[in-house]
Every structure is written in structure tokens, then in C-alpha cells.
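Quick caveat: nothing in here was measured; it's all calculated off a predicted structure. Below, chains carry the letters A, B, ... as their sequence lines are ordered, and counting in each starts from 1.
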Amino acid sequence: AQKVTQAQTEISVVEKEDVTLDCVYETRDTTYYLFWYKQPPSGELVFLIRRNSFDEQNEISGRYSWNFQKSTSSFNFTITASQVVDSAVYFCALSGSFKAAGNKLTFGGGTRVLVKP
Amino acid sequence: SAVISQKPSRDICQRGTSLTIQCQVDSQVTMMFWYRQQPGQSLTLIATANQGSEATYESGFVIDKFPISRPNLTFSTLTVSNMSPEDSSIYLCSVERVAAKNIQYFGAGTRLSVL
């Protein structure tokens, strides 16, 4: 069975501070995909990144960066110099290899980020 | 990403009635899914909408309660039947595009309140 744990339920920061969101996953698949989604107050889920299990390179996209460590089954997300518009709920998700578990997404519980001006 | 239109965006319904939610995509997609997000909770997959055949339901969800149709590659409906207050949730449609397998893009969701 697959499981995604986001231990932080809510994080509050002041604008321009950095914030790191933790994500730990469990899976028996050898090939799998990890995702981060953002859900602003409007409710729509916005895709941020996909990482496959064979690619452990860290990635940076603007103020966003991701740290994938297979040895600790973690896929953490850092927002640098946070802004008020970053206030949202962020979900980490996992899907198995296409042949094994289909394309089902297993979501973590989400972390609410509140950026205060 | 695909443009995904979900209707209605929100509704308030009476107990015992049914609501049909529509999901329309602007291009052909390989997979369509329906999720439920209960208040303050994470997302749970209800079912995979299969084109031209019965949907594949996850454990805890049944066709009688959540009938799903997918008559073509760009359209699907989810019906929430015989509603109770416990069905108050956000229902989200997601799709996988042919050009971006294994990435699900989500619609804006339908906020349902059952009185």
C-alpha cells in the first residue's frame, strides 16, 4: 500500500522568510512518481512538479526548490523569500508505476502555509 | 496544461436529492478521475472514469451512490445520489493528457453543501 505523510499541518511565516514543507512517502513500487500541488483559497489544485523515482536531482524553479532523497523516502519543498500569494494548502502526492498501481494519486494530508505581510 | 471546465462550481442541495457534476476538457485525454475532498481534508480518489465502459471504483465508493459516465474522450459526469449532509465536500475532476502521461491536472472543483 502507498502512503504519503505531511507531518506539518500548518506553517505560518512572515513575508520574505523561507519555508520548507516536509513529505515522507511509503511504497513498494520500484518505479513511482512524486508530485507537489498547490491549492489556493479558490480551491483549484495547481500542479507544481513531478519527479520520477530514478531522478534524484534537486530542482529549482524560481523561488521554488525540491529536495528528493530516496534514502530517506522524502521529497521536501522549499519556498524561498515567501510572498503573501504563496498562502495556500500544499499537497504532496505519490503514484505507482503505470503497470503496477495505475495512475492513482495518493495524497498526503496537506500543509497549510500562511504568509503574513 | 489542459483547460478543464467543471460545472456547477458550487451548489446547495437538499437531503435525498441528487446532483450531477460535469467535467469538460478542451482536448483529448487518456484518463479522467473523480476525487472527493471533505472539509479540511485531503483528496480521496472516488473512481477512474473509463471511456465507453463502467468506471473503476475505489474501496468505499459504489456505483449506486456515485454513478459516473464518460461518453467520449473529453467529457465525464459524476452524480452524487440520495445526498446526505455527509456528502458535503469539494468534488474534483482530474485528467491526464496524452502528451503528459502520469501528470494529473485538476478542474476548479464543485463545492457541494447538503442541508
Legend entry - Residue pair A:V46, B:Y105: steps toward the side-chain contact (heavy atoms from CB on, under 4.5 Å) verdict: CA-CA 7 Å; A:V46 178; B:Y105 296 97; over 6 Å; no
Legend entry - Test item: A:T27 and A:L94 side chains (from C-beta on) under 4.5 Å apart, heavy atoms: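 The answer is yes; the side chains approach within 4.5 Å.
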Legend entry - B:S94 vs B:M32 side-chain heavy atoms within contact, under 4.5 Å: no
Legend entry - Side chain, backbone, both or neither of A:Q39 within contact of chain B (heavy atoms, under 4.5 Å): side chain
Legend entry - Those residues of residues 37-44 of chain B, ordered by number, that approach chain A below 4.5 Å (heavy atom to heavy atom): B:Q37, B:Q41, B:S42, B:L43
Inset, instruction - Select all residues of residues 107-115 of chain B having any heavy atom within less than 4.5 Å of some heavy atom of chain A, and report them by number, or 'none'. - result: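 Under the 4.5 Å heavy-atom cut-off, B:G107, B:A108, B:R111 qualify.
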Legend entry - Connected via hydrophobic side-chain network under 4.5 Å: B:I12 and B:V80: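 Hydrophobic grouping puts B:I12 apart from B:V80.
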Legend entry - A:K70 to A:F75 six-membered ring, cation-pi geometry met (6.0 Å, 45°): no
Inset, instruction - Would you check if there is a donor-acceptor pair between the side chains of B:T74 and B:N72 at a distance under 3.5 Å? - result: yes
Inset, instruction - Please determine, by modelled atom types, if A:T78 and A:T20 share a side-chain donor-acceptor pair under 3.5 angstrom. - result: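 Their side chains do contain a donor-acceptor pair, which is all the 3.5 Å distance test asks for.
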Legend entry - Structural part of B:L45 lying under 4.5 Å from a heavy atom of chain A: side chain
Legend entry - Whether A:D55 side chain and A:Q57 backbone form a donor-acceptor pair below 3.5 Å: yes
Legend entry - Passing option when A:R63 is tested against A:D86, A:T80, A:D18 for side-chain hydrogen bond (donor to acceptor under 3.5 Å, both in side chains): A:D86
Legend entry - A:K116/A:E15 ion pair, N-O < 4.0 Å: no
